[in-house]
Participant: 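Sharing a structure below in structure tokens format, with a few things to ask.
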Amino acid sequence: MALFEVPKRANRLIDAKIAKSANKKVTVAPTIVRGGGSILDKINLIKSTVEKNLGQYKDEYIVITDIDVLTDYIDHAIKNNYISIDTETDGLDPLLNNLAGICIYTHGQKGAYIPVNHISYITNERVDGQLAQADVMRQFQRLSEPGSVVDIDMFNAKFDIRVLRHAGWKDAYCTWDGYLGANLLNENEEHKNLKQLHNKYCLNGQGDAFRFDDLFKGIPFTMIPFNTGYLYAAHDPVITTELCEYQRKWLNPNSDREDMRKLFWVMENIEMPCVQVVCDMEDNGILFDMNYQEELTVKYNKLLEDEVKEFSDILKMYDKEITIYRKANPNNKLDDPINIASPTQIAILLYDILGLDSGDKKSPRGTGEEILSKMDNPIAKAVLKYRELSKLVNTYIDKLPNCINPNDGRIHCSFNQYGAKTGRMSSSEPNLQNIPSHNKDIRKMFVASDGYVLMSSDFSQQEPKCLAALCRKQGDSQMYDTFMRGKDLYSEIASKAFNQTYRECLEFMTDEDGNWLYDEHGERITYKAGKERRTQAKSILLGVLYGRGEASIGEQLKCTTKKAHEIKESVFRGFPAIKQFEQDSLDMAYELGYVTTVCGRKRRLPDLQLDEFEFIWRDGAPPQDDLLDFDSEPDAEVPIDKQKYYLKRLKGTWGSSKRKVFDEANKEGIWIVDNGGKIADATRQCVNSRIQGSAADLTKLAMIELNNNQELKELGFRLLIPVHDEVIAECPIENVKECSKLLAETMSKAAEKILEMPIKCDVEITREWYGEELKF
DNA sequence: CAGCTATGCGCC
DNA sequence: AAAGGGCGCATAGCTG
């Protein structure tokens with residue numbers, strides 16, 4: 001039977017990608033061993049290759065198969081108060097795969113590999129001569145005993161912690177994760193895997209280029225003879241140590257640099273404590289309702305089918321035109337029938353056959369939602385409807401069941417703790433942070449465990465409050481004061497911008513004392529003029545936070561760009577804090593090369609320091625009249641006066657006149673690099689990163705508090721999914737009241753501690769995610 | 001065939 | 001003149 005049966009995963013490609021980036025061995029087993037060779041051949045190849053390339057290191061590393069040797073090693077670790085750990089497994093899912101062995105290192109010892117579950121590639125049975133897993137785990141347990149909590153370095157700790165937990169060390173932990181350290185030190189790092197980081201920072205980029213990932217590909221590590229594998233495996237904890245030590249030279253509470261002391265604070269108080277939270281959430285997973293999914297798949301596949309039929313019916317109306325086009329263009333890219341899912345084919349249909357205009361200069365052949373929804377055309381409508389449905393079916397309804405863990409019926413996604421350069425988390429396999437919320441059906445596939453209820457809580461106005469706190473730090477407490485007085489920020493901005501009273505800028509009617517007025521149904525009464533003023537102010541503020549342009553804001557507010565500009569100017573006049581924040585952030589990025597969040601997390605924006613134009617010789621050197629003149633030194637720099645000349649010509653130009661100047665320069669061999677786009681991007685990012693990053697700080701801090709709250713733990717409360725400004729959790733039904741109160745309180749307090757202003761959190765309790773609200 | 005980019009779209 | 005920040009993932013379509 002299949003020797004390398006590996007649990008079915010949603011997407012093997014993704015596993016491989018993630019393994020690559022996290023530097024875990026790719027052990028996704030293919031059904032066919034490549035090159036047609038047998039497993040035996042493959043393993044023999046691995047043996048000889050490792051022997052040949054790493055044989056010289058034979059004495060640098062050891063295999064531990066003796067309990068006394070292991071005990072002694074752990075003794076040393078405890079004495080050193082230090083160990084680095086890396087695990088090898090037969091797959092990438094800690095819930096489904098097994099520990100192969102553990103790699104450890106501490107100073108004064110050799111890098112060591114402790115094989116635990118290696119199996120024979122011939123008999124498929126556990127190989128003799130390995131220590132029993134329980135005995136090994138007992139030794140590791142000594143590291144976490146009260147009074148002897150030893151510092152532990154890892155790389156991508158959440159993986160190893162979860163593997164070790166399931167192998168029996170329930171208290172597995174990590175005090176320094178090189179992956180998180182690397183992100184804090186440079187979120188723009190191109191390669192965030194252990195070997196490349198180590199090579200770059202510890203070996204000056206001069207490290208061995210030999211890579212083993214491809215070598216081991218297709219063979220589970222458990223099947224590699226450990227007397228071969230250790231040469232490869234035992235190297236990792238050593239370089240983990242070196243990398244982490246390098247990072248600690250920078251991320252240090254005693255650094256003479258203020259920015260680094262703050263970054264250390266983030267490492268110690270946010271990122272490292274967050275690791276356990278992520279481990280818990282991934283282990284928890286969320287229950288998936290397969291019965292409901294089956295209902296949905298029937299319902300939506302039917303709708304999808306109908307839409308495809310509808311499309312083909314519509315096409316019949318244009319049959320003549322399409323036939324003519326096919327004949328006139330024998331090499332056309334149209335399938336028969338036309339593929340509704342192909343943007344290329346839809347573009348041909350709309351623009352070449354029907355001769356429509358996209359109305360968008362930037363993408364004249366675009367078929368995006370924005371363009372199609374403006375067309376009054378049955379094809380455009382059908383395409384949009386089809387996309388909506390196919391998205392739901394292909395990405396969610398019919399895909400999610402593949403992600404269910406067969407052992408517990410739950411979906412355990414993966415969280416990338418530093419998924420975004422701003423510090424936000426991301427989620428994948430599957431992504432649980434982009435489950436549709438507009439459509440109420442989809443989220444309901446996710447349900448509470450039996451006897452539990454789902455509980456979600458979100459920060460209200462998290463980002464504007466971050467903005468207010470950042471402005472206050474810079475000496476402007478205009479927004480901070482607004483929040484401290486419990487006022488609605490958007491209404492207050494509108495009031496100042498449009499010279500109206502606060503009451504005149506509220507969404508709903510109030511009496512003279514500021515109390516809401518209600519209609520006969522007990523609903524607040526909308527105040528149209530106030531609502532409009534508030535909406536305008538809100539658009540401007542959020543537009544600033546996202547770096548949005550005036551044209552785009554005008555579109556949103558259904559007014560002209562000119563009008564949008566005027567509104568923006570009024571807002572800036574009435575609330576100078578907003579404009580000041582923009583300017584301060586830009587100055588900060590320009591001078592320092594980075595911006596910071598409320599907690600001191602950095603976002604480096606090197607592009608902001610670029611010159612708008614760069615001048616280089618197109619062929620590496622100025623054109624030479626005498627091609628045989630090899631003696632004269634080529635002048636690498638374009639002469640300053642030439643640069644000045646073109647800069648002057650370029651001043652204030654755009655579009656075609658800009659291109660004209662480029663062409664002119666090109667004629668004399670000068671290549672002008674236009675960095676305008678990059679600078680514009682960085683300009684938008686620099687404002688947004690501070691806000692988004694600060695919000696991420698708060699959410700992470702809140703999650704840590706929630707997860708560490710002893711009371712909540714005892715009440716059976718558990719975090720399931722963070723969605724940027726909100727958390728989804730569950731708790732036993734009988735503890736709803738206590739849990740929801742503690743949830744809101746704990747979250748608020750965590751954020752208030754940083755922002756120093758009142759933060760409200762709204763809790764919703766349901767059986768299904770986004771289902772009917774339950775009252776208690 | 002795998003692996004890549006482009007396009008498009010779900011969420012906050 | 002126009003200008004949306006941050007993600008993950010599906011399909012199409014190209015390339016080696």
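In the text below, chain A, chain B and the rest are named by the order of the sequence lines, each starting its count at 1.
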Participant: Select one nucleotide: of dG5(C), dT7(B), dC7(C), the one nearest the side-chain heavy atoms of Lys421(A).
Facilitator: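 Nearest to the side-chain atoms of Lys421(A), counting from C-beta on, is dC7(C).
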Participant: Expressed as a whole number of angstroms, how long is the span from Gln692(A):CD to dC7(C):P?
Facilitator: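 Those two atoms, CD and P, are 7 Å apart.
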Participant: Report which part of the nucleic acid Ala680(A) touches: base, sugar-phosphate, or nothing (heavy-atom distance under 4.0 Å, all strands).
Facilitator: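 It contacts nothing in the nucleic acid.
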Participant: The side chain of Tyr546(A) lies closest to which of these nucleotides: dG4(C), dA12(C), dC9(C)?
Facilitator: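 Closest nucleotide to the Tyr546(A) side chain: dG4(C).
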Participant: Under 3.5 Å, which N/O atoms of the protein pair with N/O atoms of nucleotides 13-16 of chain C?
Facilitator:
from    : atom 1 : to        : atom 2 : distance (Å)
dG13(C) : OP1    : Ser342(A) : OG     : 2.6

Participant: Between Lys391(A) (NZ) and dC9(B) (C1'), how many Å, whole number?
Facilitator: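 That distance rounds to 4 Å.
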Participant: Nearest to the side chain of Ala420(A), heavy atoms from C-beta on, is which of dG8(C), dG5(C), dC7(C)?
Facilitator: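 That would be dC7(C).
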Participant: How close or far is atom P of dA12(C) from atom CD1 of Ile348(A), stated in whole angstroms?
Facilitator: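 Result: 15 Å.
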Participant: For a quick check of understanding: with a heavy-atom distance under 4.0 Å over all strands, which category does Arg684(A) fall into, base, sugar-phosphate or nothing?
Facilitator: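 Arg684(A): backbone/sugar contact only, no base atoms under 4.0 Å.
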Participant: If you check the Ser426(A) side chain, which of dC12(B), dG10(B), dC7(C) turns out closest?
Facilitator: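 Out of dC12(B), dG10(B), dC7(C), the nucleotide with an atom closest to Ser426(A)'s side chain is dC7(C).
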Participant: Considering just the side-chain nitrogens and oxygens of Arg424(A), establish if one lies under 4.0 Å of OP1 or OP2 belonging to dG6(C).
Facilitator: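 No, Arg424(A) has no side-chain N/O under 4.0 Å of OP1/OP2 on dG6(C).
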Participant: Tell me which nucleotide among dC11(B), dA10(C), dG8(B) gets nearest to the side chain of Arg387(A).
Facilitator: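 When the side chain of Arg387(A) is considered, dG8(B) is the closest of dC11(B), dA10(C), dG8(B).
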Participant: Applying a 4.0 Å non-hydrogen cut-off, can you work out what Ser390(A) is touching in the nucleic acid: base, sugar-phosphate, or nothing?
Facilitator: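 Answer is nothing: Ser390(A) stays at 4.0 Å or more from every strand.
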Participant: Walk me through it: do Phe311(A) and Tyr386(A) pass the test ring pair (Phe, Tyr, Trp, His ring centres under 6.0 Å)?
Facilitator: CA-CA 9 Å; Phe311(A) 180 69; Tyr386(A) 169 84; 7.9 Å; no
Participant: What's the closest nucleotide to the Asn394(A) side chain, out of dG8(B), dA3(C), dA10(C)?
Facilitator: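 Within the option list, the nearest is dA10(C).
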Participant: Please work out if Arg443(A) contacts a base, only the sugar-phosphate, or nothing of the nucleic acid, heavy-atom cut-off 4.0 Å.
Facilitator: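 Arg443(A): backbone/sugar contact only, no base atoms under 4.0 Å.
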Participant: Between Thr395(A) and dG10(B), is there a contact of a side-chain N or O with OP1 or OP2 at under 4.0 Å?
Facilitator: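 Result: no.
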Participant: Is it true that Arg601(A) and Asp697(A) have a side-chain N and a carboxylate O under 4.0 angstrom from each other?
Facilitator: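 A salt bridge links Arg601(A) with Asp697(A).
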Participant: OP1 or OP2 of dG6(C) sitting under 4.0 Å from any side-chain N/O of Gln685(A)?
Facilitator: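 Affirmative; the distance criterion is met.
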Participant: Please give me the minimum heavy-atom distance between Arg410(A) and Gly285(A), naming the atom from each residue.
Facilitator: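 In this case the closest contact between Arg410(A) and Gly285(A) is NH2-O, 3.1 Å.
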Participant: Looking across every strand, which nucleic acid part, if any, lies under 4.0 Å from Arg603(A) by heavy atom: base, sugar-phosphate, or nothing?
Facilitator: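 Result for Arg603(A) = sugar-phosphate.
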Participant: Whether Lys302(A) and Asp306(A) form a salt bridge (side-chain N of Lys/Arg under 4.0 Å from carboxylate O of Asp/Glu) is what I want to check.
Facilitator: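 Yes, charged N to carboxylate O under 4.0 Å.
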Participant: Do Arg659(A) and Val661(A) come within less than 4.5 Å of each other through their side chains, counting heavy atoms only?
Facilitator: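 The answer is no; the side chains never approach within 4.5 Å.
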Participant: Which distance, rounded to the nearest 0.5 Å, do you find between the CD of Glu463(A) and the CD of Gln461(A)?
Facilitator: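 Interatomic distance, Glu463(A) CD to Gln461(A) CD, rounded to 0.5 Å: 11.0 Å.
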Participant: Taking 4.0 Å as the cut-off, does a side-chain nitrogen or oxygen of Ser552(A) come that near to OP1 or OP2 on dG4(C)?
Facilitator: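 It does, given that an N or O in the side chain of Ser552(A) lies less than 4.0 Å from OP1 or OP2 of dG4(C).
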Participant: Quick one: list whatever passes side chain to side chain contact (heavy atoms under 4.5 Å, CB included) with Ser427(A), sequence neighbours left out.
Facilitator: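 Ser427(A) satisfies side chain to side chain contact (heavy atoms under 4.5 Å, CB included) with Cys413(A), Phe415(A), Asn431(A), Leu432(A), Gln433(A) only.
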Participant: For Ile435(A), which contact category applies under a 4.0 Å heavy-atom criterion: base, sugar-phosphate, or nothing?
Facilitator: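 Since only primed, P, OP1 and OP2 atoms lie under 4.0 Å of Ile435(A), the category is sugar-phosphate.
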Participant: Give the rounded distance in Å between these two atoms: NZ of Lys678(A) and P of dG5(C).
Facilitator: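 The distance from NZ of Lys678(A) to P of dG5(C) comes to 16 Å, rounded to the nearest Å.
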Participant: In this structure, how many angstroms lie between the P atom of dC12(B) and the CG atom of Leu432(A), rounded?
Facilitator: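 Value for this atom pair: 13 Å.
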Participant: I need the OH-P distance between Tyr351(A) and dT7(B), as an integer number of Å.
Facilitator: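 Result: 13 Å.
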Participant: Using ring-ring contact (aromatic ring centres under 6.0 Å, His included) as the criterion, list what pairs up with Phe581(A), not counting sequence neighbours.
Facilitator: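 Phe581(A): no ring-ring contact (aromatic ring centres under 6.0 Å, His included) contacts found.
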Participant: When you measure from the side chain of Asn431(A), which nucleotide among dG8(C), dG8(B), dG6(C) comes out closest?
Facilitator: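 Closest nucleotide to the Asn431(A) side chain: dG8(C).
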